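Read through the structure below, which is laid out as structure tokens, and then see the notes.
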Amino acid sequence: QITPSVVLIAKGQTTTFTAIGTYSDDTSAKLTEAVTWKVSAPESLTITTNGVANGVSVASDISVKANFQGVFSNSALVTVTAAVLTAIEVTPTEASIAKGQSQQMRANGRYSDGTTSNLVNNVDWLSTNTQAVTINEAGYITGINEATDITISASAEDITSDNALITVTSAVLTGITVTPTSVTIAKGLTQQLSAVGDYSDGTNVPISSDLSWASSNPRAVTVSSGGL
């Protein structure tokens, strides 16, 4: 007698059969490693000498039997389904973004047959602090407020990834706007220029210190450290 008698496994997964021999005196003994295992579709299901069966390709109605000293067991019925998702890996595992900036997270699925697949658009994304970091369906995180130790995870088919750790820093300078943008001055006269910093969170702040001015033609126009 072999058990289990009905098996459903995914491609790449394994199951273990047990063979029990019953003798004429009503005694029984485990014969799992002593029997010869027979599979009706070895291209779809393999089985080791110790009864471990592995799903190789999708198939149904596969028969498994055991033979010991010319005596055959009952027939177990096996179905091998398509590979199933076994793990999700989110990358990067750590990221630091400035307030207002965005970065894409990636989700890679691992399946029971050893294959992998990009799942970034097929998972449910979760942020533990949506007031600090939001994430959309495409996996793009956006820093909303400064915070540390924010975790991002992805889930699909009852599988949840490990957490990725996110830090949101203060907004960073992304550009400088000089005004006025066009100037005509007579020789010997001056014009005050102003600089406004454009930051990643959409704010604009005048810059007066730590600013280096440069003229593309200092023979015609000079500019002082104060923008004059």
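For the numbers below, each heavy atom of this structure counts, side chains included, while hydrogens, waters and symmetry mates do not. Everything numeric in this text was worked out from a predicted model, so none of it was measured.
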Whether the side chain of N145 engages the backbone of Q131 through a donor-acceptor N/O pair (distance < 3.5 Å, no angle test) should be reported. yes
Note, T18 side chain near K30 side chain (heavy atom, < 4.5 Å): yes
For T184, is there any backbone N or O sitting under 3.5 Å from a side-chain donor or acceptor partner on Q191? no
Short question: side chain of S215, backbone of N217 - any donor-acceptor pair under 3.5 Å? yes
Is there a donor-acceptor contact under 3.5 Å from the side chain of T179 to the main chain of T181? no
Within a strict 4.5 Å, meaning less than it, do heavy atoms of the L8 and T81 side chains meet? yes
Return yes if some donor-acceptor pair links the side-chain N/O of S112 with the main-chain N/O of K11 below 3.5 Å, else return no. yes
So, the side chain of D201 versus the backbone of I144: is there a donor-acceptor pair under 3.5 Å, distance only? no
May I have the step-by-step check of side-chain hydrogen bond (donor to acceptor under 3.5 Å, both in side chains) for S44 and S57, ending in yes or no? CA-CA 5 Å; S44 297; S57 62; 3.0 Å; yes
Are the side chain of T32 and the backbone of A19 linked by a donor-acceptor contact shorter than 3.5 Å? yes
Over all heavy atoms of both residues, which pair between Y111 and T86 is shortest? Give the atoms and the distance, please. C-OG1, 3.8 Å
Check for a donor-acceptor pair, side chain of W125 on one end and backbone N or O of Y140 on the other, with a separation under 3.5 Å. no
Please report, to 0.1 Å, the donor-acceptor pairs under 3.5 Å made by any side chain of residues 147-170, with sequence neighbours excluded.
{"unit_1": "T151", "atom_1": "OG1", "unit_2": "T128", "atom_2": "OG1", "d": "3.1"}
{"unit_1": "S161", "atom_1": "OG", "unit_2": "A154", "atom_2": "N", "d": "2.9"}
{"unit_1": "S161", "atom_1": "OG", "unit_2": "A154", "atom_2": "O", "d": "3.4"}

Does atom CZ (F68) have a neighbourhood of more than 12 heavy atoms from anything else shown, all under 6.0 Å? yes
